Amino acid sequence: MSTVPEPHVFVILGGTGDLAGRKLLPAIFHLSRDGHLSERSAILGVSRDEEMNDAAYRSWARDALERSGLDPEELAAWCDANLYYHAIGKGGPDEYRALCGRIEWLEKSLDLPGNRAFYLALPPGAFPSSIEGMAAAGLHRSTGWTRLVVEKPFGRDLETARDLNQILHRHFEESQIYRIDHYLGKETVQNLLVFRFSNVMFESLWSRDRVESVQITVAEELGVESRAGYYDTAGALRDMVQNHVAQLVSLIGMEVPSSFDADSVRYEKIKLLKAISPIRPHDVVLGQYDRGRVDDVEVPGYLAEEGVPSDSRTETFVGLKLEIDTWRWQGVPFYIRTGKRLPHRLTQIAVTFREPPVCLFESVGGCQTHPNVLFMTLQPNEGFALCFDVKVPGEPFALRTLPLDFYYRDAFGDMPDAYETLLLDILIGDQTLFVHGDWTEESWRLFTPILEQESAVHSYPAGTWGPRAAEDLLARRGHSWMGLADIREHHGLPSDE
Ligand code: BG6
């Protein structure tokens with residue numbers, strides 16, 4: 001596997017859409033500017049718009065890239081040199097054959113070897129017909145490599161995910177399919193593997209012998225924004241839990257892979273999901289935000305958001321308890337919470353270790369020990385903090401919890417964008433950070449029953465940490481949600497944000 005992509009054509013189906021303008025083109029531009037792409041490559045935007053042509057597409061892309069704050073002059077030259085456009089109209093068989101002809105023409109005129117990446121930046125309903133259309137026109141094979149990138153959401157439940165995998169596998173090998181979960185491109189998410197498998201100190205504590213519980217919080221301050229059309233038919237379980245959150249569970253819980261290659265890593269992640277016990281209805285809490293205050297600003301409730309039906313029962317919050325039936329994790333609860341309109345943006349994993357078997361210091365002035373907690377903050381202010389007790393100097397004898405911490409921005413400055421990492425991997429042919437077909441089905445196997453059961457949807461005021469029932473979920477085992485910010489505040493330490 002080379003680390004510099006070979007010359008290729010990058011085809012974006014949905015080339016004039018929001019994802020192309022906001023994420024894909026800026027990422028390709030940065031990769032190209034930083035010298036990661038061969039000069040002999042072309043980007044072909046494809047959409048239904050028959051009025052558009054190469055010149056109009058370049059101008060559309062320039063505007064989109066300028067909104068990302070990039071230098072207009074540099075952009076103009078780059079767009080002119082790299083971007084092409086093809087209208088696919090209604091996407092019938094003739095139109096896919098014409099697309100094939102256009103790609104062959106580009107390859108011939110630019111002297112390219114026939115390597116092609118197709119990115120389905122389309123609404124999920126259009127995936128099956130596009131895959132079939134491409135295959136019928138022979139676009140699933142070429143004289144070089146052909147790779148197909150599929151965006152999330154991957155299916156709506158187990159059955160639709162299976163159907164989609166079947167359609168894909170009818171025409172493409174698994175080794176050609178790159179299912180995207182942008183969380184896997186985040187540096188801090190990748191670093192979970194390095195943290196676990198390169199540092200022997202923690203791996204030796206990483207099991208039921210030492211760990212009391214694991215909590216994963218993926219909180220967003222934002223509400224549904226302008227995406228009600230999609231979001232109201234999805235909800236937090238499909239939008240966040242089945243993919244992003246389940247990926248984090250896999251990375252935290254998986255066994256040590258035999259090597260750091262795509263197959264070994266992905267196999268261990270699938271194995272972990274298979275070992276999760278069916279989720280019991282009373283271990284699930286669904287919520288929907290009501291009006292409230294976020295960042296001191298009054299915000300409307302979900303039902304009052306534009307485009308949301310006034311009787312919608314779509315959940316904007318999910319709290320869950322998972323149990324992993326392996327020798328390593330049996331009996332250790334994995335608590336998950338994710339939601340929109342929570343107090344602030346935070347993706348954080350808290351691993352709480354068991355308390356010492358004997359509390360030696362209780363007799364000295366009644367002071368209590370606290371469990372060690374390892375916080376892995378994936379965003380914002382990415383870093384690690386290990387909280388442990390120290391003696392407060394002087395008398396009376398007292399303990400205080402302090403963090404030993406490390407922040408990425410102090411050590412490394414700015415982080416690369418997840419899409420840059422993932423696009424480069426697609427072009428290089430490294431599938432480690434992409435979702436295997438079997439993983440998607442295992443994940444849906446786990447979460448589909450929740451979609452099928454009648455669950456109460458609790459209301460929570462915007463700007464709070466979700467419904468009260470999400471606290472009760474942990475209280476049953478004597479646990480409570482904990483954030484590094486709370487510990488810092490409790491002990492009078494300055495905020496890390
Ligand atoms: C997307 C979801 O996949 O992830 C959005 O569809 C969510 O609803 C977003 O806001 C969160 O991503 P990030 O990178 O901002 O944590």
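Along the sequence shown, residues are numbered consecutively beginning with 1. Note that this is a predicted model, so its numbers are computed, not measured. Start at 1 and go down the list; that is how both ligands and their atoms are numbered.
- Because its NZ or CZ atom is both nearer than 6.0 Å to the ring centre of Trp145 and within 45° of the ring axis, Arg147 counts as a cation-pi partner of that residue.
- Looking only at distances, a side-chain donor or acceptor of Arg196 sits under 3.5 Å from a matching main-chain atom of Ile252.
- Of the possible polar contacts, one joining the Gln215 side chain to the Met482 backbone as a donor-acceptor pair under 3.5 Å is found.
- The structure places CG of Leu446 at 9.5 Å from CD of Gln242, a figure rounded to the nearest 0.5 Å.
- Side-chain atoms of Asn191 never come within 3.5 Å of backbone atoms of Val194 as a donor-acceptor pair (strictly under, hydrogens ignored).
- There is no side-chain donor-acceptor pair under 3.5 Å between Tyr289 and Ser459.
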Taking a 3.5 Å cut-off between nitrogen or oxygen atoms, can you list every pair linking ligand 1 to the protein, with distances?
unit_1	atom_1	unit_2	atom_2	d
ligand 1	3 (O)	Lys152	NZ	2.8
ligand 1	3 (O)	His244	NE2	2.7
ligand 1	4 (O)	His244	NE2	3.4
ligand 1	6 (O)	Lys152	NZ	3.1
ligand 1	6 (O)	Arg227	NH2	2.9
ligand 1	6 (O)	Asp239	OD1	2.6
ligand 1	6 (O)	Asp239	OD2	3.4
ligand 1	8 (O)	Arg227	NH1	2.8
ligand 1	8 (O)	Asp239	OD2	2.6
ligand 1	8 (O)	Lys340	NZ	2.9
ligand 1	10 (O)	Glu220	OE1	3.4
ligand 1	10 (O)	Glu220	OE2	2.5
ligand 1	10 (O)	Lys340	NZ	3.3
ligand 1	12 (O)	His182	NE2	3.2
ligand 1	14 (O)	His182	NE2	2.8
ligand 1	14 (O)	Lys186	NZ	2.6
ligand 1	15 (O)	Arg345	NH2	3.4
ligand 1	16 (O)	Tyr183	OH	2.6
ligand 1	16 (O)	Gln379	NE2	2.6

